[in-house]
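Written below as structure tokens is the structure these notes are about.
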Amino acid sequence: MHFERQQWAELRDNVQLTLSEEDLQQLQGINESLSLQEVIDIYLPLSRLLNLYVKAQQYRHTVRDKFLNSKNEHVPYIIGIAGSVAVGKSTSARILQALLSRWPEHPKVALVTTDGFLRSNQDLVARNLMHKKGFPESFDIKALVEFVASIKSGKELVSAPIYSHLTYDILPDEKLNVEKPDIVILEGLNVLQSAINYPDHPHRVFVSDFVDFSIFVDADTDLLKQWYVQRFLKFRAGAFTDPKAYFHSYSQMSENKAIKIAGKIWDEINGVNLEENIRPTRDRANLILKKAANHQVSSVKLRK
């Protein structure tokens, strides 16, 4: 089902906005200037829809437990958010986490990024995969599947690795603990990937098998490249200036050279990954948010 922006906004049905301008500033990404109106028009209707889905599943579990005459086993609802590098997945995930945690039926909402399941740089170098970081083969899929399966089985405490965009590597001594959440938002490039992404080493079980509702954040390729270059320049003037940053050397070069390097990285890595591995999973999503200029969502598609 296809909804233009205004049609979708009307489905909010008087759900109240619980975020302030200050909240929004903390949630938005480095390359986005997200307005409260965007949250009202796009994310409040989406939070309402997701709340209805979660309540329906909670009711189904109650019915099952009544039939089995067993105690209620806590099974988290998993929302997957996929899309290209620089499309704004992380911002969408943070906004949904903030909104969904304000519904009384499911106050505990965890956010996990699949970046934590990238193989370490040392491992990638040993496998000759540093030039394919972000491609399916650069992830420890077995560990990621086991993590999601443990959450879905109702395990009380599950830990995930943490990835640092500053050091461009896994943080060896840090973990993200997920403890009995009501909802888990799983955000990353590979959330919707399946057997077609692993022709040489097919797995029997995939992350998408555990996802209850999936969202794909989409945009035209020329916009994605433009946003990637803009984000690269902002990192160059910000995080890359830290001597500990993996890309610290980029902060020393001219803007024109930085633009050329960012464009080259997009053309040879991120753009290729998008076309070969990420965009082919788009139509598997339950909902597609299509973005236009300024990261504004122009239309929404919801699977029947």
Side-chain angles (χ1 to χ4, degrees), residues 29-30 76-97 109-121 123-124 127 129-130 132-153 155 158-172 174-178 181 183-198 201-203 205-218 224 228 231 269-270 272-274 276-282 284-289:
I30 191 171
Y77 191 89
I78 298 184
I79 299 168
I81 301 182
S84 170
V85 169
V87 76
K89 300 184 301 301
S90 298
T91 300
S92 295
R94 287 192 295 268
I95 290 172
L96 282 176
Q97 180 188 30
V109 183
L111 173 58
V112 179
T113 67
T114 62
D115 287 349
F117 294 90
L118 281 162
R119 298 185 184 277
S120 68
N121 285 352
D123 194 0
L124 291 174
R127 294 169 183 263
L129 288 174
M130 275 297 284
K132 284 202 165 187
K133 199 165 191 176
F135 282 63
E137 56 266 40
S138 67
F139 287 86
D140 186 345
I141 297 299
K142 183 175 183 292
L144 176 56
V145 168
E146 288 176 351
F147 169 79
V148 182
S150 295
I151 287 177
K152 202 64 176 172
S153 70
K155 191 174 179 180
V158 186
S159 297
I162 296 176
Y163 182 81
S164 168
H165 288 276
L166 180 69
T167 62
Y168 198 58
D169 204 355
I170 302 299
L171 297 174
E174 294 190 33
K175 296 286 184 182
L176 171 68
N177 292 325
V178 179
I183 298 173
V184 175
I185 299 174
L186 190 64
E187 175 260 309
L189 303 172
N190 57 350
V191 170
L192 294 178
Q193 290 170 353
S194 62
I196 62 170
N197 300 102
Y198 304 91
H201 302 283
H203 301 273
V205 182
F206 301 92
V207 172
S208 55
D209 294 329
F210 299 94
V211 171
D212 296 294
F213 190 92
S214 54
I215 300 167
F216 191 96
V217 187
D218 193 26
L224 291 169
Y228 177 77
R231 189 179 74 171
I269 301 176
N270 295 315
V272 175
N273 195 20
L274 170 64
E276 291 184 357
N277 302 307
I278 301 169
R279 187 165 280 151
T281 70
R282 176 182 58 193
R284 302 184 69 226
N286 297 109
L287 182 136
I288 301 172
L289 297 175

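The first residue in the sequence is number 1, and the count goes up from there. Quick note: numbers below take in every heavy atom, side chains included, and nothing from hydrogens, waters or symmetry partners.
Residues Asn273 and Pro136 are in side-chain contact: their nearest non-hydrogen atoms beyond the backbone lie under 4.5 Å apart. Side chains of Asp169 and Ser120 form a contact here, defined as non-hydrogen atoms less than 4.5 Å apart. At a threshold of 4.5 Å between non-hydrogen side-chain atoms, the residues Val272 and Lys132 do not count as touching. Between Leu96 and Ile215, the closest side-chain pair of non-hydrogen atoms falls below 4.5 Å. Between Thr114 and Leu189, the closest side-chain pair of non-hydrogen atoms is not below 4.5 Å. The closest side-chain heavy-atom distance from Phe216 to Ile278 is below 4.5 Å. Contact annotation: the side chain of Glu187 approaches that of Ser90 to within less than 4.5 Å [non-hydrogen atoms, C-beta and beyond]. Under the 4.5 Å side-chain criterion, counting only non-hydrogen atoms from C-beta, Leu186 is not in contact with Ile151.
Nearest heavy atoms, Ala93 versus Ile185: O-CD1, 3.7 Å. The shortest non-hydrogen separation linking Val191 to Ile81 is CG2-O, 3.9 Å. Closest of all the heavy-atom pairs between Glu276 and Phe135 is OE1-CE2, 4.0 Å. Here the shortest heavy-atom pairing between Ser214 and Leu192 reads CB-CD2, 3.4 Å. When every heavy atom of Glu137 is checked against every heavy atom of Leu129, the shortest pair comes out as O-CD1, 3.5 Å. Residues Asn277 and Gln193 come closest through the heavy atom pair O-NE2, 3.5 Å.
Here the straight-line distance linking atom CE of Met130 with atom CG of Leu124 works out to 6.0 Å at 0.5 Å rounding. Distance check, rounded to the nearest 0.5 Å: CG of Leu287 to CG of Asp218 gives 11.5 Å. To the nearest 0.5 angstrom, Thr167 atom OG1 is 9.5 Å from His165 atom NE2. Rounding to the nearest 0.5 Å places OG of Ser208 at 11.5 Å from CD1 of Ile78.
When each of Tyr163, Phe147, Phe139 is paired with Phe117, the ring-ring contact (aromatic ring centres under 6.0 Å, His included) condition holds for Phe147 and for no other.
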Verdict with reasoning, Lys89 to Thr113, per side-chain contact (heavy atoms from CB on, under 4.5 Å): CA-CA 10 Å; Lys89 300 184 301 301; Thr113 67; over 6 Å; no
When you look at Arg284 and Val211, which way does the side-chain contact (heavy atoms from CB on, under 4.5 Å) test go after all the steps? CA-CA 11 Å; Arg284 302 184 69 226; Val211 171; over 6 Å; no
Applying side-chain contact (heavy atoms from CB on, under 4.5 Å), run through Val205 and Phe210 and close with a yes or a no. CA-CA 9 Å; Val205 182; Phe210 299 94; 3.4 Å; yes
List the steps and the verdict of side-chain contact (heavy atoms from CB on, under 4.5 Å) for Val85 and Leu274. CA-CA 8 Å; Val85 169; Leu274 170 64; over 6 Å; no
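A salt bridge links Asp212 with Lys152: at least one charged nitrogen is closer than 4.0 Å to a carboxylate oxygen.
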